Amino acid sequence: MAVSRSHLVLMGPPGAGKGTQADLLAEHLRVPHISTGGMLRDEAQRGSELGKKAKRLMDRGELVPDEIMLGIVRDRIGAPDCARGYILDGFPRSIRQAEDLEKLNGEAGPLLALSLRVPAEVVIKRLSSRRTCRPCGAMYHLVSSPPKKPDVCDRCGGELYQRDDDREDVIHARLEVYRRETEPLLAYYGKRNALVEVDGTGSRDDVFQRLLEGLAGRGAA
Ligand code: AP5
């Protein structure tokens with residue numbers, strides 16, 4: 001069966017540029033960008049019980065349990081704006097999540113996974129200089145894409161902050177969890193002939209071009 005043209009999973013280690021590229025792809029393909037990390041951070045900001053539990057795990061670089069994540073994703077991809085497709089950023093992160101997503105996706109057919117390859121030393125540099133806008137989630141990098149005014153979002157004027165899980169010790173823990181739990185998904189999607197791997201180093205625009213070429217190679221852009 002051919003892979004779906006608009007049901008995409010964006011994979012890669014922490015700081016690979018999933019969020020950055022998912023934004024660009026969402027605009028290009030006109031489908032929603034769904035960031036499970038972003039949804040959990042929103043819950044944490046609201047102070048819900050789920051948000052508090054998730055924050056404790058996220059701050060240690062650990063994964064939030066599969067059952068919680070599946071409930072969140074089931075509700076989100078069932079929303080009307082996902083009828084034409086979606087770009088999942090940060091989900092699935094385990095074989096169980098991938099198997100359940102396949103079931104949830106049902107008739108839309110197999111998803112296509114896009115994986116960004118970025119060495120650990122590059123992601124550590126990227127994450128330690130990342131700043132995120134609290135109100136709108138826009139992302140900056142103090143060296144490669146700094147805001148015009150320090151600590152102020154160009155898009156909405158909101159406050160920029162550093163994520164609690166972007167401390168170097170937590171970045172190492174997240175990388176370890178990625179290798180153990182998420183990297184096996186490359187073989188999972190590879191076996192299904194549903195994987196496109198691209199070099200995630202270089203400029204934001206270069207990486208985006210490579211992703212578009214990868215999609216075109218699968219007849220999907
Ligand atoms: P999540 O928010 O998904 O974090 P992550 O996977 O660790 O990825 P990041 O958001 O850190 O990085 P990214 O790859 O999106 O890179 P970005 O574009 O920001 O998850 C956080 C936590 O939530 C998890 O640890 C877990 O606890 C929990 N969670 C989430 N989903 C879960 C799930 N499914 N199951 C269980 N738990 C879950 O870029 C990074 C920086 O680099 C930015 O500053 C950016 O401006 C810069 N940059 C991007 N591209 C480039 C480039 N080409 N050149 C230079 N700089 C660049």
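Note that the numbering runs from 1 along the sequence shown for the chain. Start at 1 and go down the list; that is how both ligands and their atoms are numbered. Values in this document were obtained by computation on a predicted structure and should not be read as measured data.
By the 4.0 Å heavy-atom criterion, Arg131 is excluded from the residues contacting ligand 1. In this structure, Leu40 is part of the shell of residues with a heavy atom less than 4.0 angstrom from ligand 1. For the pair Ser94 and ligand 1, no heavy-atom separation below 4.0 Å is found. Close to ligand 1: Gly15, with a non-hydrogen atom less than 4.0 angstrom away. Under a 4.0 Å heavy-atom criterion, Arg163 is in contact with ligand 1.
A salt bridge links Arg174 with Asp166; the closest basic N to acidic carboxylate O contact falls under 4.0 Å. Between Asp164 and Lys55 there is a salt bridge, since a side-chain N of the basic residue sits under 4.0 Å from a carboxylate O of the acidic one. In this structure, Arg96 does not pair ionically with Glu99, as no charged nitrogen and carboxylate oxygen lie closer than 4.0 Å. Look at Asp81 and Arg30 and you find no salt bridge, because none of the NZ, NE, NH1 or NH2 atoms lies under 4.0 Å from a carboxylate O. Note on Glu213 versus Arg218: no salt bridge recorded, every NZ/NE/NH1/NH2 to OD/OE distance being 4.0 Å or above.
Within ligand 1, counting atoms from 1 as listed, the ones closer than 4.0 Å to a heavy atom of Ser203 are 53 (N). Counting atoms of ligand 1 from 1 in the listed order, those under 4.0 Å from a heavy atom of Gln97 are 33 (C), 34 (N), 35 (N), 36 (C). Per-residue contacts place Ser145 under 4.0 angstrom from the following atoms of ligand 1 (heavy atoms of the residue considered): 46 (O). Set against the non-hydrogen atoms of Arg204, the atoms of ligand 1 under 4.0 Å away are 53 (N). Which parts of ligand 1 touch His141 is read off a 4.0 Å heavy-atom cut-off, strictly below it: atoms 44 (O), 46 (O).
When non-hydrogen atoms are compared, ligand 1 lies under 4.0 Å from the backbone of Lys18 as well as from its side chain. Of all the heavy atoms of Tyr178, none lies under 4.0 Å from any atom of ligand 1, so neither backbone nor side chain is involved. Contacts between Arg41 and ligand 1, counted as non-hydrogen atom pairs separated by less than 4.0 Å, involve the side chain only. With a 4.0 Å cut-off on non-hydrogen atoms, Leu127 touches ligand 1 through its side chain and not its backbone. When non-hydrogen atoms are compared, ligand 1 lies under 4.0 Å from the backbone of Pro14 as well as from its side chain. For Pro65, no heavy-atom contact with ligand 1 is shorter than 4.0 Å.
At least one N or O atom of Thr36 sits closer than 3.5 Å to an N or O atom of ligand 1. Of the N or O atoms in Arg174, one or more lie within a sub-3.5 Å distance of an N or O in ligand 1. Note: no N/O pair closer than 3.5 Å links Leu57 and ligand 1 by distance alone. The shortest N or O to N or O distance between Leu63 and ligand 1 is not below 3.5 Å. Backbone and side-chain nitrogen or oxygen atoms of Gly202 are examined, and one is located within less than 3.5 angstrom of a nitrogen or oxygen of ligand 1.
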With side-chain hydrogen bond (donor to acceptor under 3.5 Å, both in side chains) as the test, would you mind laying out the steps for Tyr86 and Asn105 before giving the verdict?
CA-CA 11 Å; Tyr86 45 75; Asn105 206 39; 2.5 Å; yes
Would Tyr189 and Glu197 count as a side-chain hydrogen bond (donor to acceptor under 3.5 Å, both in side chains) here? Give the steps.
CA-CA 11 Å; Tyr189 285 113; Glu197 284 191 274; over 6 Å; no
Carefully, step by step, assess Thr201 and Asp199 under the rule side-chain hydrogen bond (donor to acceptor under 3.5 Å, both in side chains).
CA-CA 6 Å; Thr201 61; Asp199 176 2; 2.7 Å; yes
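Annotation: cation-pi pair Arg180/Tyr178 absent, no NZ/CZ under 6.0 Å from the ring centroid and within 45° of its normal. Cation-pi geometry between Arg134 and Tyr161 is satisfied (NZ or CZ under 6.0 Å from the ring centre, within 45° of the ring normal).
Counting only heavy atoms from C-beta outward, the side chains of Leu160 and Val152 never approach each other to under 4.5 Å. Val64 is listed as a side-chain neighbour of Leu40, based on a closest heavy-atom distance under 4.5 Å. No side-chain heavy atom of Pro92 sits less than 4.5 Å from a side-chain heavy atom of Val73.
Given atom 56 (N) of ligand 1, the protein heavy atom at minimum distance is Ser144 OG, 3.2 Å. The single protein non-hydrogen atom nearest to atom 15 (O) of ligand 1 is Gly19 N, 2.8 Å, given as residue, atom name and distance. Looking from atom 37 (N) of ligand 1 to the surrounding protein, the closest heavy atom is Val64 N, 3.0 Å. In this structure, atom 44 (O) of ligand 1 lies nearest to the protein heavy atom Tyr140 O, 2.9 Å.
Comparing Arg93, Met58, Met139 against atom 20 (O) of ligand 1, the shortest heavy-atom distance belongs to Arg93. Of the candidates Arg126, Arg60, Arg56, the one placing a heavy atom closest to atom 52 (C) of ligand 1 is Arg126. Of the candidates Thr20, Val207, Leu142, the one placing a heavy atom closest to atom 45 (C) of ligand 1 is Thr20. For atom 16 (O) of ligand 1, the candidate residues are Gly38, Gly17, Ala54, Gly200; the nearest heavy-atom contact is made by Gly17. Across Arg130, Arg96, Glu62, heavy-atom proximity to atom 27 (O) of ligand 1 is greatest for Glu62.
The CG atom of Leu24 sits 9.0 Å away from the CG atom of Leu212 when rounded to the nearest 0.5 Å. Between atom CG of residue Asp42 and atom CD of residue Gln45 there is a gap of 6.5 Å, rounded to the nearest 0.5 Å.
When each of Thr182, Asp100, Asp66 is paired with Ser94, the side chain to side chain donor-acceptor pair (under 3.5 Å) condition holds for Asp66 and for no other.
The environment of CD in Glu27 is sparse: at most 12 heavy-atom neighbours from other residues, nucleotides or ligands sit within 6.0 Å.
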